[in-house]
2 protein chains.
Amino acid sequence: MTPTQELTKNQSLVFNALSRADGPLSAYTILDQLRDEGFRAPLQVYRALDKLLDYGMIHRLESINAFVACAHPHSHSHSHGMIAFAICEKCGQVSEFSDDVITGRVREWTTSNGFKQSKTTIEIRGVCANCGAA
Amino acid sequence: MTPTQELTKNQSLVFNALSRADGPLSAYTILDQLRDEGFRAPLQVYRALDKLLDYGMIHRLESINAFVACAHPHSHSHSHGMIAFAICEKCGQVSEFSDDVITGRVREWTTSNGFKQSKTTIEIRGVCANCGAA
DNA sequence: TTTCGTTATGTGATATTATTACATTAGTCA
DNA sequence: TGACTAATGTAATAATATCACATAACGAAA
C-alpha cells in the first residue's frame, strides 16, 4: 500500500478530491474540481486514476463509470478477498464490504473452470436504508 | 419471458445480431451490423436493447459496455438468483452462471443493512481455460 | 555532475458510449 | 372515428475514454 506522501502532484490532487467527496465522482467531475489547480485535460485525471487504482487507494465503480476513495485504506481485510459495493441510486452513497464466502464461491467456479481471474466486480445497485426510510 | 415472436422489427434485428455473435457486442457494433437492414442511428439500437433487457433476453456487461444474448433463455434457474459472468479478455467469450450461495450472501448483507437491491452485477475478468492453455 | 533511461506531465485531437429533443408512424381500443 | 400508447426516424449533443506527440522532472549509474 503506497502511502499518500509518495504520490505525485496530480495523483495527490485527484486522490484528495476523491477523499473529500462523500460519494463517487466521475473523471470529468474531478477534472472540473481541479481546474483551479491547473488541470486542463481529461488525461491528467485518467492517468492519476490509473495509478491510484494500481496502488489500491481507489476503486472504480464499473456500473456507474465513477471512482471512490477506498473506504478501508489502512485495513488489510480486503487484500485477499473481492470487494463488493452497494451503491444507492438515490443519494449516491457507496458501502464497501468483502465476504469470504462469496470470494470462495467465485474462486471455486474459476478454479473448476480453468479461468484465471484478474479482476472481479461485484456491484449492488439499489436504495440504501436512509433513503428507503423516506 | 417474452418469446421472440412478440418482438418488434428493430428488437428482433438487434436480438438476432446478438444471438448470432459468439461473444458480447457493443451498441455501435450492432448498429454497424444492422446498417444494411436500415439502421441509421444509435438510438434505434439503444431502444431495442432497453426492451430486450426488460424482457430478460439479453444482459448488459457493465465492465466492458457490451451486450450478450442470455445463455439460458429457456431456463428459469436464474430467475431467482443473481447471474455472474466470466469474461475472457483474450477471446471475449462470456460464461454465465448463477450461484445460490453467492445470491444468499448478498441478500444477507442487503437485508441486514436495510438496502433494497434492484440490480446486482457480478463480473469476473480474466483469461478462460482455452486461452490460458496457449 | 553529466548522461541516460524512466516516469510524470501538458496539450490537442479524436474515439467510443449514451442521451436529449422533437417529429412521425403504427397499433389498439373505446 | 378519435384518442391514446408504443414504436420508429433523425439530428444534435452529452458524457466517457484514449491516442499521439511533445516536454519536463526524476533517479540511477558512469
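Order of the sequence lines fixes the chain letters, A, B, ..., with proteins taken first and strands second; residue numbering starts at 1 for each chain.
A straight line from CD1 of I30(B) to P of dT17(C) spans 11 Å, rounded to a whole angstrom. Rounding to whole angstrom units, CG of residue L7(A) and C1' of dT9(C) are separated by 15 Å. The distance between atom CD of E37(A) and atom P of dT9(C), rounded to the nearest whole Å, is 14 Å. For L61(B) and dA18(C), the CG to C1' distance is 17 Å, given to the nearest whole Å. Atoms CG (N10(B)) and P (dT8(D)) sit 4 Å apart, rounded to a whole Å. The interatomic distance linking R35(B) (CZ) with dG9(D) (P) rounds to 13 Å, in whole Å. The separation between E6(A) atom CD and dA8(C) atom P is 11 Å, rounded to whole Å. If you take CG of L31(A) and P of dG10(C), they are 12 Å apart, rounded to a whole angstrom.
Scanning both residues, E96(A) and A71(A), for their nearest heavy atoms gives OE1-N, 2.9 Å.
Residues passing the salt bridge (charged side-chain N to carboxylate O under 4.0 Å, His left out) test with K119(B) are E62(B), sequence neighbours excluded. With sequence neighbours left out, E37(A) forms a salt bridge (charged side-chain N to carboxylate O under 4.0 Å, His left out) with no residue at all. In this view, T120(A) and Q117(A) satisfy the side-chain hydrogen bond (donor to acceptor under 3.5 Å, both in side chains) rule, not counting sequence neighbours. With sequence neighbours excluded, no residue forms a salt bridge (charged side-chain N to carboxylate O under 4.0 Å, His left out) with D50(A).
Of the side-chain N and O atoms in S26(A), one or more sit less than 4.0 angstrom from OP1 or OP2 of dT16(D). In terms of phosphate contacts, Q44(A) brings a side-chain nitrogen or oxygen within less than 4.0 Å of OP1 or OP2 of dG10(C). In terms of phosphate contacts, T8(B) brings no side-chain nitrogen or oxygen within less than 4.0 Å of OP1 or OP2 of dA6(D).
The hydrophobic cluster containing V101(B), built from Ile/Leu/Val/Met/Phe/Trp/Tyr side-chain heavy atoms closer than 4.5 Å, also comprises V101(A).
Within the 4.5 Å cutoff, the side chain of C91(A) has heavy atoms near those of the C128(A) side chain.
Among residue pairs with one or both ends in residues 123-134 of chain A, those qualifying as salt bridge (Lys or Arg N to Asp or Glu O under 4.0 Å) are E89(A)-R125(A); sequence neighbours excluded. Pairs passing the ring pair (Phe, Tyr, Trp, His ring centres under 6.0 Å) check and including a residue from residues 111-134 of chain B, sequence neighbours excluded, do not occur.
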Between N or O atoms, less than 3.5 Å apart, protein on one side and nucleotides 17-27 of chain D on the other: list the pairs.
from, atom 1, to, atom 2, distance (Å)
dA17(D), OP1, R60(A), NH2, 2.2
dA17(D), OP1, N65(A), OD1, 3.4
dA17(D), OP2, Y46(A), OH, 3.0
dA17(D), O5', Y46(A), OH, 3.4
dA17(D), N7, Y28(A), OH, 2.6
dA17(D), N6, Y28(A), OH, 3.2

Restricting to nitrogen or oxygen on both sides, can you table the protein-nucleotides 4-7 of chain C pairs closer than 3.5 Å?
none

